[in-house]
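Here's the structure, in structure tokens; my notes come after.
Every chain is numbered from 1, with letters handed out A, B, ... down the list of sequences. Quick caveat: nothing in here was measured; it's all calculated off a predicted structure.
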Amino acid sequence: MGYRATLNLPRTSLPMKANLSQREVGILSFWEEKKIYQRIREERKGRRKYILHDGPPYANGNIHMGQALNKILKDVAVKYKTAQGFDSPYVPGWDCHGLPVEHQLFKKLGINKNKISRLEFRQKAREYALHFVDKQRNQFKRLGVFGRWEEPYLTLSPSYEGEVIDAFGRLAKRGYIYRGLKPVRWCFQCQTALAEAEIEYKERQSPSIYVKFPVKDSSDLASSHLPVYLLIWTTTPWTLPANLAIAIHPQHQYCLVQVDKEILILAKDRLPFLEEEIGIKPNRILSVHKGEKLKGLKYNHPFISRQSEVLAADYVSLDEGTGCVHTAPGHGAEDYLLSLEHNLPVYSPVDGEGKFNSQAGELEGIKVFEANPLIVEKLKQKGYLLHQGKVVHSYPHCWRCGSALIYRATPQWFLAVDKHNLRQKAIRAVENEVEWIPPASRMRMGSMLKERPDWCLSRQRYWGVGIPVVYCKDCGEAMVDEEIIDRIKNLTSKYGSDFWFKEPVERILPRGYSCRGCGGERFKKEEDIIDVWFESGVSHHAVLVQEETLGDPSDLYLEGSDQHRGWFQTSLLTSMALKDRPPYRGVLTHGFVVDSEGRKMSKSQGNVVDPQEIVSTHGADVLRLWASLEDYTQDIRISAEILKYAVEVYRRIRNTYRFLLGNLYDFDYLQDALSFDELRDIDKWVLSHLQELVRDTTASFEKFKLHEAVHLVHLFATNELSSFYFDVLKDRLYTFPPDSKGRKSAQTTLWHLLISLSKLMAPILSFTAEEVWGHIRKIEGCASGKASRMEESVFLSSWPRVDDNLVNENLEIVWEKILRVREGVLKELEEAREAKTIGSSLEARVTITAPFSELSSLKDLGNELKEVLIVSQVQLEEGEELKIRISRAEGQKCERCWNYSLDLGTDKEHPQLCGRCRKAILKCTR
RNA sequence: GGGCUCAUAGCUCAACCGGUUAGAGCGCUGUCCUGAUAAGGCAGAGGUUCCUGGUUCAAGUCCAGGUGAGCCCA
């Protein structure tokens, strides 16, 4: 045992146990203290830019797994591009306005809209949002994400808000903005529109009536003299005055049935139900037609002098009703969309209190629900009521006052998607001007754009940017005025959007401003705010264009797949409308984080995984590794088992770094490195392989295929290094004299491996790579006393380049042969081990019989062959085919190097040593 | 219900235009080592490629239908 001290065993202060959750905190403060991000910016100034524009997460709550994944992927991309030499600043953003903040805040305050002033509420909402910006910022930073955290972009900052208004103004000037009607869920008690999240569904009893609409000319369908009716079903009789169409499904079968002296048109499949439910007794079915045939059929309104027609709609279902759907564009969501397709007016003769207005004629002043029985009565009188009953169904109610809601059309501001061919231009840009990863995104974007209706920009909410429009109090004319919008923009940029709600309209308008229409001088402000999707959608205008350090268009948007309809689309539309080109050159989407079964995470399922928890138990690097191990173009699973896998991969990579560092403790690259020509063949071979790894890994990073890159590195560490190269190298590293050429050759190789491997993994294992880098810097110059030339942080260094001088194809071919022989030897060794002939492979003597052609490369290795095979003795024999025999090694085991040899005991002082070790010891002690 | 997408070993991923016996790594089992040691080496077992049809000399791969899952919309 006395010879252990004469060996060069590995020494390193890089602990095997990472204890990442604590170590990472130290590295974070290193980055902070050394201002690494700022220094990268300095360093890369003037280089070609690569702009990844951050899609702003919503400033509410703690970060969840999806956001963690998203930020990690962005960070990997930015760090990779930076290492490649790009100037790639990352400015994180937050989406601060909107309903979720309102929602949470009202809940937290335990009050409703009526109990607090708009300004007071906005102040609180601001504090609330900023609180979460701060919280999330710390959580993102903890993941190791580099960026301009101290100065993010916030959609609630005055400058951003000003640009939102500016964008609205520019779009208005180009004719994209118009005022139209759209039905919204309306509470006439609270006199307000409600968002989906504010609706509570409760059971409610409603009338259920079947109404006949007289068909004007049915000669195409039946040659009867009896009157023909379209039969509809509704639970909202009060919407009948606003009926402007009847929808049918174009693919379903409809029949004309004779019932007494009348003919009814209804879906064939609904007939049995109707016979049972309302007791109609069909005499006979006259004819059956595909829904398509009914398209365009004209009918008269039962009690209003109006003619409308039948329209085809795919949403018509045969689960209830008659298959003929009463359509009132002002009072229903689907009705509204159908009306857009066919240019029907959005007719809604109901005021904010839920009363019919003057358009409704004799119903004027009557509340809609009170009008129900009156309308039913009228239908009955006129003979158009086929059946009346009652139905109890789930019906939307106001979450605050509990009263039943109605759909009611109100004036709103829209962005016209077909103006100036915007839709077509956007679709063309999607097809030709943007790189989509994965490519399926192109299709998804395209089909969405094809179908989408005009964009409703109005929101009847508190927390957001006011729509910069005023109305003449005298004639009601809406002033969408370039000059005024510009004023509002400037005031907003200065004081924030609160001013719009605070200041009286007179102080906002220029002196003497008068109505274009009637010359009136009294105005009121628009009360609605702009859709928050518009706010984030113009971030290219509010951030990329404004910030000198950034650039427009950006190189990459990288978000979850839900953003096809969200941010990708809103950004594209606004950019196309403003600048005639997309805001991004590339778009990368990732899937959603799901559980081990592929199911989405939900609180009720109890399968939610919290990123904070993973960071504190495993460390951020493990989370980053997990994100990079999976193919994120699809949904990505996470579970304890999957995390365990990430931990295993992490351990293998960390131990690789540890082995490399441990054997370089006495290696000062500045004075000890050998030139490439001086290296041993096996070392040259490994470096040649390393070039291949660098080349392949780089290609994978270029394609953002992180899982490919990680797998490559992992395989290299496992197959090339750990199980072969390192194993072979141990003898040379440990037992050779410290300064021997053989050992320095190995160390030179290890050095290159270490540098490259830490750089390759730095974008992903940022903390660990930085930790390792710190250790390497300490080693360099340790002996020569020179200062290290290495950058202070791995992130200030550059991506490894493939060194063509190190690529050696001949060597690869030769070694491929050697490795094949080795494989055979290993198999035989295992059998010998099972037969208890040997334990350790050093107890073996290998006899290899091979044809002359195969033998030569083995012979060339000389003494190294037994090192490569990690056996004590090798004998080569020429024979017809490859044959391997194992026997026990001859001689005795050297106490120092554990090899068996015959030359033990020749030195009286060191009877336990082999000749080689004797020499080594002499060198050491001299 | 509609648009887009996915399904290969227990897990994470491969398999170019359709072409031998579907490959890796991890995990698992066995084993060696005790000088990377809460490490490391070696070997082995593991697959009805979600199901059902079809096209083809040939299908994990192409087509149709189904099942399960995800995002978006309704």
Taking only residues two or more places apart in sequence or in another chain, which ones pass side-chain hydrogen bond (donor to acceptor under 3.5 Å, both in side chains) with D635(A)?
-> none
Base, sugar-phosphate, or nothing for R833(A), non-hydrogen atoms under 4.0 angstrom?
-> base
For E834(A), which residues count as a side-chain hydrogen bond (donor to acceptor under 3.5 Å, both in side chains) partner, sequence neighbours excluded?
-> none
Can you give the dot-bracket line for RNA chain B, where a pair is Watson-Crick or G-U wobble with both atom distances under 3.5 Å, crossing pairs use [ ], and | marks a partner on another strand?
-> (((((((..((((.....[...)))).(((((.......))))).....(((((..]....)))))))))))).
For E648(A), enumerate each residue passing the salt bridge (Lys or Arg N to Asp or Glu O under 4.0 Å) test, keeping only those at least two apart in sequence or located in another chain.
-> R651(A)
Going by the salt bridge (Lys or Arg N to Asp or Glu O under 4.0 Å) test, which pairs reach into residues 714-727 of chain A, not counting sequence neighbours?
-> D727(A)-K730(A)
Considering only heavy atoms, which members of residues 722-731 of chain A lie under 4.0 Å from some atom of RNA chain B?
-> S722(A), S723(A), F726(A), D727(A), K730(A)
What pairs with D666(A) under salt bridge (Lys or Arg N to Asp or Glu O under 4.0 Å), at least two apart in sequence or on another chain?
-> R743(A)
Under 4.0 angstrom, heavy atoms only, what part of the nucleic acid is L7(A) near: base, sugar-phosphate, or nothing?
-> base
Partner residues of E771(A) under the salt bridge (Lys or Arg N to Asp or Glu O under 4.0 Å) criterion, sequence neighbours left out = R23(A), R654(A)
Donor-acceptor list for residues 10-17 of chain A side chains, cut-off 3.5 Å, not counting sequence neighbours:
unit_1 : atom_1 : unit_2  : atom_2 : d
T12(A) : OG1    : L14(A)  : N      : 2.9
S13(A) : OG     : H775(A) : NE2    : 3.2

Counterpart residues, side-chain hydrogen bond (donor to acceptor under 3.5 Å, both in side chains), relative to D95(A) (two or more places apart) | none
Just call it for Q634(A): base, sugar-phosphate, or nothing, with non-hydrogen atoms closer than 4.0 Å on any strand.
-> sugar-phosphate
Which nucleotide of RNA chain B is the first, and which the last, in the 5' to 3' direction, to come under 4.0 Å of a heavy atom belonging to chain A?
-> G3(B) to A74(B)
May I ask you to decide whether R888(A) forms a salt bridge with E843(A), counting only side-chain N to carboxylate O separations under 4.0 Å?
-> yes
H342(A): what forms a side-chain hydrogen bond (donor to acceptor under 3.5 Å, both in side chains) with it, not counting sequence neighbours?
-> none
Determine the contact category for H714(A): base if any of its heavy atoms lies under 4.0 Å from a base atom, sugar-phosphate if only primed atoms, P, OP1 or OP2 are that close, otherwise nothing.
-> sugar-phosphate
